[in-house]
Number of protein chains: 2
Amino acid sequence: MRNAEFDRQQVLRNAMYAFMGKGYSKTSMQDLTRATGLHPGSIYCAFENKRGLLLAAIDQYHEDRTCHLLALFAEDVPFKQKIQRYLDEIVAECLSCDVSQSCLLVKILTEVGEQDADVAAKVSAYLQQWQQALETAFATAIADGEIPSAPGAQASAQFLMMAIYGLRTYAHTHPHEQQLRQLTAMLTQQLLG
Amino acid sequence: MRNAEFDRQQVLRNAMYAFMGKGYSKTSMQDLTRATGLHPGSIYCAFENKRGLLLAAIDQYHEDRTCHLLALFAEDVPFKQKIQRYLDEIVAECLSCDVSQSCLLVKILTEVGEQDADVAAKVSAYLQQWQQALETAFATAIADGEIPSAPGAQASAQFLMMAIYGLRTYAHTHPHEQQLRQLTAMLTQQLLG
DNA sequence: GTTATTTTTGAACATTCATTCAAAAAAGAA
DNA sequence: TTCTTTTTTGAATGAATGTTCAAAAATAAC
């Protein structure tokens, strides 16, 4: 027997940054060997192929972001502040100059979603999971009287997801903090009363 | 002298459908020769290279969609109905099974925007042009008293563009008419009072 | 009708790609 | 240590890619 030398999480995080930067097709195996420090044979030994590395990177991305989201909403601050902070973080990401500008799940979904049903299903399920977490948060906020009952937890979570997708795309053409803040302000006004 | 045999608009529309379906990278020259009916040499003679064909297809797409948008907003119906119809069309596109599900400009912007500054600039300018048209329409609607003055023409146009981006992405994970209609209903309620 | 210019054709090109493979290295099991 | 199994290495492979090119065809101008 022999164990792998590399740190799997580290490798997956490097791979996901590579995929976020160039997308799946344009990220070559050469890019991936450079980003991960692994030779082609090691990648194929550990992840089967390039697509397998993508799938594993998606899993890691989802795990990392889910932890972050749950931690944020577990904090002991008013619900409105949680949403506000969440949107602030997204705006900051959109404005950052590194590759984290875009969400890996959405990037992959729009790029290869139509051609690879398995990838699309996995990514869709993960996004739906986040939407469900937001819906639960909205529901408890409504039950606690922190926000008005209209338009409801489900509708609010749906709309928030849609708006986040839109915000990230909008930032591609208008990477200006002022405009993005104006958009999130309109959004919070609608969802938080 | 000799004129080209093919119908340039027809070729560009076929090319843009090909690009919309698979994106830029995954659309091979073989796909393009099949879609356009042109041999490689003809494509290079007329458009210089694959990227040139993309740029020409983007121009054609923008021209087609701009004509459609202006015609819709030139109709003699209340402003609210124009917005409603516009969103209805987008929802219908999102639900259609052919490749027109996605907007070519947004698809290309998110795929190659970070790597090709010229393409990004062209696409961004075209999207901004559409946003400007919407803003003008909102402004006259406010001036005519058709909608309340808040939140203002510029903010409304920005938010609408963002929401359309988001709606198209959201449709990738939830291609269900009911949910999309719920989202557009929340949107029109906010923007049209 | 002849010439000049351009497009069309489709095979050929060089390059890049994801993938494979056999040998070498490493580590757990005996 | 010795054996066995797995990972690592990095060159090799074949397929697919975007692009080029020279000959052929076609049109416009004269």
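Below, read A as the first sequence line, B as the second, and so on, with proteins coming before strands; counting in each chain starts at 1.
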query = Just checking B:Thr33: base, sugar-phosphate only, or nothing, at a heavy-atom cut-off of under 4.0 Å?
reply = nothing

query = Who are the ring-ring contact (aromatic ring centres under 6.0 Å, His included) partners of A:Tyr165, not counting sequence neighbours?
reply =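 None.
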
key: Test: A:Arg13 and A:Asp64 ion pair at under 4.0 Å   = yes

inquiry  = One thing to verify: whether B:Asp88 and B:Arg85 come together as a salt bridge, which I'm taking to mean a side-chain N less than 4.0 angstrom from a carboxylate O.
reply    =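 Salt bridge: no.
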
key: Centroid separation A:Tyr61 to A:Phe19 less than 6.0 Å   =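 When the ring centroids of A:Tyr61 and A:Phe19 are compared, they turn out to be at least 6.0 Å apart.
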
query = Does a side-chain N or O from B:Gln30 land closer than 4.0 Å to OP1 or OP2 of D:dT17, or not?
reply =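 For D:dT17, OP1/OP2 do have a side-chain N/O of B:Gln30 under 4.0 Å.
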
inquiry  = Is A:His39 close enough to D:dG10 that one of its side-chain N or O atoms is under 4.0 Å from OP1 or OP2 there?
reply    =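 Checking D:dG10 against A:His39, a side-chain N or O does come within under 4.0 Å of OP1 or OP2.
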
inquiry  = Under the salt bridge (Lys or Arg N to Asp or Glu O under 4.0 Å) definition, can you give me all pairs with a residue in residues 112-138 of chain B, not counting sequence neighbours?
reply    =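 Every pair satisfying salt bridge (Lys or Arg N to Asp or Glu O under 4.0 Å) with a residue in residues 112-138 of chain B: B:Arg51-B:Asp116, B:Arg51-B:Asp118, B:Asp59-B:Lys122.
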
message = Applying salt bridge (Lys or Arg N to Asp or Glu O under 4.0 Å) as the test, list every pair that has at least one member in residues 148-176 of chain B; sequence neighbours left out.
response = B:Glu93-B:Arg168

task = Return the 5'-most residue of the pair B:Arg51, A:Pro40 with respect to DNA chain D, ranking by each residue's nearest nucleotide.
result =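 Counting from the 5' end, the first nearest nucleotide belongs to A:Pro40.
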
task = Describe, as an angle rounded to 10 degrees, how the axis at the first end of the helix from C:dG1-D:dC30 to C:dG28-D:dC3 is tilted relative to the axis at the last end, five pairs per end.
result = 10°

message = Under a 3.5 Å threshold, yes or no: a donor from one side chain and an acceptor from the other, between B:Glu89 and B:His68?
response = yes

ask   = Under 3.5 Å, is there a donor-acceptor pair linking the side chains of B:Thr27 and B:Lys22?
value = no

message = Classify the ring geometry of B:Tyr86 against B:Phe73: parallel below 30°, tilted from 30° to 60°, perpendicular beyond 60°.
response = perpendicular

request  = Measure up the B:His174 and B:Tyr170 rings against each other and bin them: parallel (under 30°), tilted (30 to 60°), perpendicular (over 60°).
outcome  = parallel

Length of the line joining [X]:[atom1] and [N]:[atom2], which is rounded to integer Å:
X	N	atom1	atom2	value
A:Met29	D:dT13	CE	C1'	15 Å
A:Arg34	C:dT16	CZ	P	12 Å
B:Leu38	C:dT8	CG	P	6 Å

query = Considering only heavy atoms, which members of residues 15-23 of chain A lie under 4.0 Å from some atom of DNA chain C?
reply = none

ask   = If you draw the axis of the six-membered ring of B:Tyr24, does the NZ or CZ of B:Lys50 fall within 45° of it and under 6.0 Å from the ring centre?
value =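 Yes, a cation-pi geometry.
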
key: Within residues 42-50 of chain B, residues whose heavy atoms come under 4.0 Å of DNA chain D   = B:Tyr44, B:Asn49, B:Lys50

